[in-house]
Structures are given as structure tokens and as C-alpha cells.
Amino acid sequence: MKKETFNLVLRALIGVAASLIIVGAMGLITEAQGNKTFVEQASGLKGTEVVMTVDGEAVTAEEYLYMTAYAAQSLSYYGITDLNTEVGEGMMAADFVAQQAKEQVIASAALRAWAKEQGVTLTEEDLAALQAQKDAYGGAAAFQQTLKMVGVTEALFDSLMTQEMLHTHLYEIYCGKDGAQRPSEADLESLAGEHKLVSAYMLSVDAAAEGAKEKMEDYAARLAEAENTAELVAAFAEELQCDGAVQTFDCCHSSPVNDALLALEMNGVSGVVEAEGGLHVLVRTALDLDTVAYVNFSEVYNHRVSNAVVEEKSVLEKIDVAAFYAKYTQLQQNAVAAMTQG
């Protein structure tokens, strides 16, 4: 899983909450349901009830159902708001949503279990950052009101927001220069060989640009004669307004760029390579071992998720996802209507 993708998933709660904030709305939720959250009211379950365990890590009804609601809201961007809608042969929207939610909570719980195994705990800086996220809502009262609007507890908010922090600490253990689980240089080079990972500079320009081919041929010739290719690449990249940093390429599949890279010796310079509407000049560099370490980290995480020991509780099969989501959204709509009228 790419770190960027992981971060986007973890921002789900913030995104939905922010969309519901209206400045000055206080005292909105009635006490008819006591202190039950919208998730609890819509499902009829206690939020703390365990619906599955993943490598011994508990997944509560609140976590699973919130992710169910998030997955369902994502479908609404495609015009699907009724989860009783058929989205594929033999699959209803509710089935798809339940599957997406289950995959997400398994990945999240596997991460928590992994962090515990590695002795990862939150630092004072992490806790301060978490508090800053809450303060950004405009104070304690406004933050609690937001939680009510989203329909979850502060405990779930904390869990979701700190998972990115746990991920960062695990990353340092596996990828940091002095990380306890960082593979040796020899092991990283072996992994790079298995994946055909090659690091290089790549200068690029639109093939349709005037004089593009002649310019790139000139650059290639000058780079081939240069003693300090890094400085020259930086200058050329600035002229071309392209990324002049070292990139690492997965060359397992044949393509004009990959084939050219594999043919280069260390510090070798390619001719002009045409691919996907662009012209490129490549300069092979020493392998970026930090990138290879991240590839290893991702593989370890994906392996843990794929091979996690998942034990589902009987209550999970009894959850009517379509009915839950319909009630959940109705509760939110009622709250917004009451806010507007107030």
C-alpha cells in the first residue's frame, strides 16, 4: 500500500466531519437516545461490541460500521445512494460496501497489531499533534459537536488519527538509516535485483515541442561527456521544468524507458527515448536503497494484511448494511435540518 494512499484513507473521518460543520451550531442533538452515537442508534449495537479480531486485535462495531458508512458515501459520488442497488452480476451495493469496509478494518487492525509487536507507542509529540487536530475544530465544545454530527466517539477518532502515526513509526523502524528492522545493504540490493529496480535521472520534454528532439540529443551528448552529471542534470531539468531528482523504476515489464534503463551501465547515459508522447534522456545512478527499503516495508505490510488471522463474530453476519446506512444518513439529515431551522 502506498503511503499516500494509506494517508488518504486515514483522513476519512476528518473529511466527513468537516463537511458537516456549520459554525455556531450547538446543542443540536436531542437527548431522546441518551448518549448513543448515530452509529449505535442506526445499528442497534453497542459501539464497543467486538465484531471481529485480526491477529488478536479487536475491531469494534463502531469502527466497522463507520468504515461501512464511509464506503457507502464514496459510492454516492457515482450516483448510488440506495445500497439495495445492484452494482454487478450477483452483487448488491450493500455487499460491495461491506466488503470494502471489511478490507479496510482488517488492514487497520493488522497495522495496530504489527505496531504492538514492534513495541511502537505514541510519543508526546504524537499526542500533541492529535490534540492540535481536535483544537482545529474551534475548541473542545465544537469538537464534541462534530463527533455527534458524524456519529462516532472520540475513542474512534483517536484510533483513526493515530494510525498514521503508528505507520510512520513502523516506517522508521523498517526504512530509517538506523532502523532496527531495516535490511542490510546486501539484502536490499538482492531485493532490488528480484524486482528489477533501477535508479536514474530522467529528463523529459513533450515530443511535440518545437526543437525538442534536437535539444534532447544535445543534452544526451553533453551528459555523456560530463564529469559531474548531477549538476548538469539539475541545470537541464530547470530549463525543461521537469523533475531532476533521482527516481527508482520498476523494470519488470518491458517498455521503451525500462528497456533503455536495463541496457545502461552505472552512470551511463541513454540516447533520446521516445515514450508516451514524451522524449526522455536517462542517466543511470547508484541504487536508491531508501526506496528499496520502502518497497520491502510495503511488502511486509501487505503480507501481514493478506495473511492476518481473522476471526469474525456471529454478530457481523447479522448486520443489515443497507438498513444501517439508510438510518445513519437519515439521522444526519435530521440533525442538519434541525440545525438549519435553529
Side-chain angles (χ1 to χ4, degrees), residues 1-15 17 47-64 66-67 70 100-136 143 147 152-188 191 248 288-312:
M1 178 183 292
K2 292 183 179 179
K3 192 172 183 181
E4 294 78 7
T5 303
F6 187 89
N7 292 345
L8 285 173
V9 172
L10 293 179
R11 293 191 184 102
L13 181 62
I14 289 289
T48 55
E49 184 167 355
V50 176
V51 297
M52 74 170 73
T53 60
V54 179
D55 290 340
E57 186 72 15
V59 174
T60 65
E62 180 183 36
E63 180 180 4
Y64 170 73
Y66 175 76
M67 286 302 175
Y70 175 67
Q100 294 296 305
K102 187 180 295 185
E103 290 177 0
Q104 180 53 46
V105 297
I106 288 174
S108 297
L111 178 79
R112 297 196 297 269
W114 186 18
K116 286 182 179 178
E117 181 183 299
Q118 292 296 323
V120 173
T121 56
L122 298 176
T123 65
E124 291 184 6
E125 290 79 7
D126 293 333
L127 296 176
L130 177 62
Q131 186 58 51
Q133 288 176 326
K134 297 177 182 180
D135 293 342
F143 172 66
L147 293 180
V152 297
T153 62
E154 187 170 357
L156 179 60
F157 178 94
D158 290 351
S159 177
L160 290 173
M161 293 302 103
T162 56
Q163 283 184 67
E164 183 175 350
M165 299 170 186
L166 296 178
H167 182 270
T168 297
H169 292 313
L170 285 168
Y171 174 86
E172 289 302 321
I173 290 173
Y174 280 79
C175 302
K177 294 295 185 184
D178 299 316
Q181 297 294 339
R182 182 183 171 108
S184 67
E185 184 172 324
D187 287 341
L188 289 174
L191 178 65
T248 299
D288 181 355
L289 294 180
D290 289 341
T291 297
V292 182
Y294 183 67
V295 170
N296 172 68
F297 173 67
S298 299
E299 287 192 343
V300 172
Y301 178 49
N302 290 335
H303 178 78
R304 292 190 67 101
V305 172
S306 300
N307 294 276
V309 177
V310 180
E311 297 182 6
E312 298 183 4

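Count residues from 1 along the sequence.
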| Could Asp290 and Arg182 be called an ion pair, given the rule that one side-chain N must be under 4.0 Å from one carboxylate O? |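 The answer is yes: the pair qualifies as a salt bridge.
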| task | Would you indicate whether the side-chain heavy atoms of Trp114 and His167 approach each other to under 4.5 Å? | result |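 The answer is no, as the side chains (C-beta and beyond) never meet within the 4.5 Å cut-off.
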| request: Apply side chain to side chain contact (heavy atoms under 4.5 Å, CB included) to Ala109 and list each qualifying residue two or more places apart in sequence or on a separate chain. | output: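 By the side chain to side chain contact (heavy atoms under 4.5 Å, CB included) rule, Ala109 matches Val54, Glu57, Val59, Arg112.
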| task | Applying side chain to side chain contact (heavy atoms under 4.5 Å, CB included), name anything that partners Glu154, two or more places apart in sequence or on another chain. | result |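 For Glu154 the side chain to side chain contact (heavy atoms under 4.5 Å, CB included) partners, ignoring immediate neighbours, are Lys134, Phe143, Gln144, Leu147, Asp158.
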| Do Ser159 and Glu63 get their side chains close enough for a donor-acceptor pair, meaning under 3.5 Å? |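 No, no side-chain donor-acceptor pair sits under 3.5 Å.
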| message | Apply side-chain contact (heavy atoms from CB on, under 4.5 Å) to residues Leu191 and Glu299 and explain how you reach the verdict. | response | CA-CA 11 Å; Leu191 178 65; Glu299 287 192 343; 3.9 Å; yes
| request: Go through the steps for Met165 and Thr123 under the test side-chain contact (heavy atoms from CB on, under 4.5 Å), then give the verdict. | output: CA-CA 9 Å; Met165 299 170 186; Thr123 65; over 6 Å; no
| task | Determine whether more than 12 heavy atoms belonging to other residues, nucleotides or ligands lie under 6.0 Å from atom CD of Glu124. | result |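 Check fails, neighbour count at 12 or below.
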| message | Atom CG of residue position Asn307 - does it have more than 12 heavy atoms of other residues, nucleotides or ligands inside 6.0 Å? | response |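 Enclosed: over 12 neighbouring heavy atoms sit under 6.0 Å from CG of Asn307.
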| Whether Tyr301 side chain and Ala107 backbone form a donor-acceptor pair below 3.5 Å |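 Here the side-chain-to-backbone pair exists.
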| request: For Gln118 and Ile173, indicate whether the former's side chain and the latter's backbone hold a donor-acceptor pair under 3.5 Å. | output: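 Checking the backbone N and O of Ile173 against the side chain of Gln118, no donor-acceptor pair under 3.5 Å is found.
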Rounded to the nearest 0.5 Å, what's the gap from [atom1] on [X] to [atom2] on [Y]? Could you check?
{"X": "Ile106", "Y": "Thr53", "atom1": "CD1", "atom2": "OG1", "answer": "10.0 Å"}
{"X": "Leu156", "Y": "Thr48", "atom1": "CG", "atom2": "OG1", "answer": "12.0 Å"}
{"X": "Gln104", "Y": "Met67", "atom1": "CD", "atom2": "CE", "answer": "5.0 Å"}
{"X": "Asp126", "Y": "Gln131", "atom1": "CG", "atom2": "CD", "answer": "13.5 Å"}
{"X": "Leu130", "Y": "Glu125", "atom1": "CG", "atom2": "CD", "answer": "13.5 Å"}

| request: Search all heavy atoms of Cys175 against all heavy atoms of Ala293 and return the closest pair with its distance. | output: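 Scanning both residues, the minimum pair turns out to be SG-O, 3.5 Å.
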| request: Grab the two heavy atoms, one from Thr121 and one from His169, that are nearest each other, plus how far apart they are. | output: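 Reported closest heavy-atom pair: O-CD2, 4.0 Å.
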| All salt bridge (Lys or Arg N to Asp or Glu O under 4.0 Å) counterparts of Glu103, not counting sequence neighbours |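 Expected list: none.
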| request: Give the intermediate values and the outcome of side-chain contact (heavy atoms from CB on, under 4.5 Å) for residues Leu170 and Val120. | output: CA-CA 7 Å; Leu170 285 168; Val120 173; 4.0 Å; yes
| field | Criterion side-chain contact (heavy atoms from CB on, under 4.5 Å) on Leu111 and Val305, from CA distance to verdict | value | CA-CA 8 Å; Leu111 178 79; Val305 172; over 6 Å; no
| task | Measure the acute angle between the ring planes of Tyr70 and Tyr66, then classify it against the limits of 30° and 60° as parallel, tilted or perpendicular. | result |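 Ring orientation of Tyr70 relative to Tyr66: parallel.
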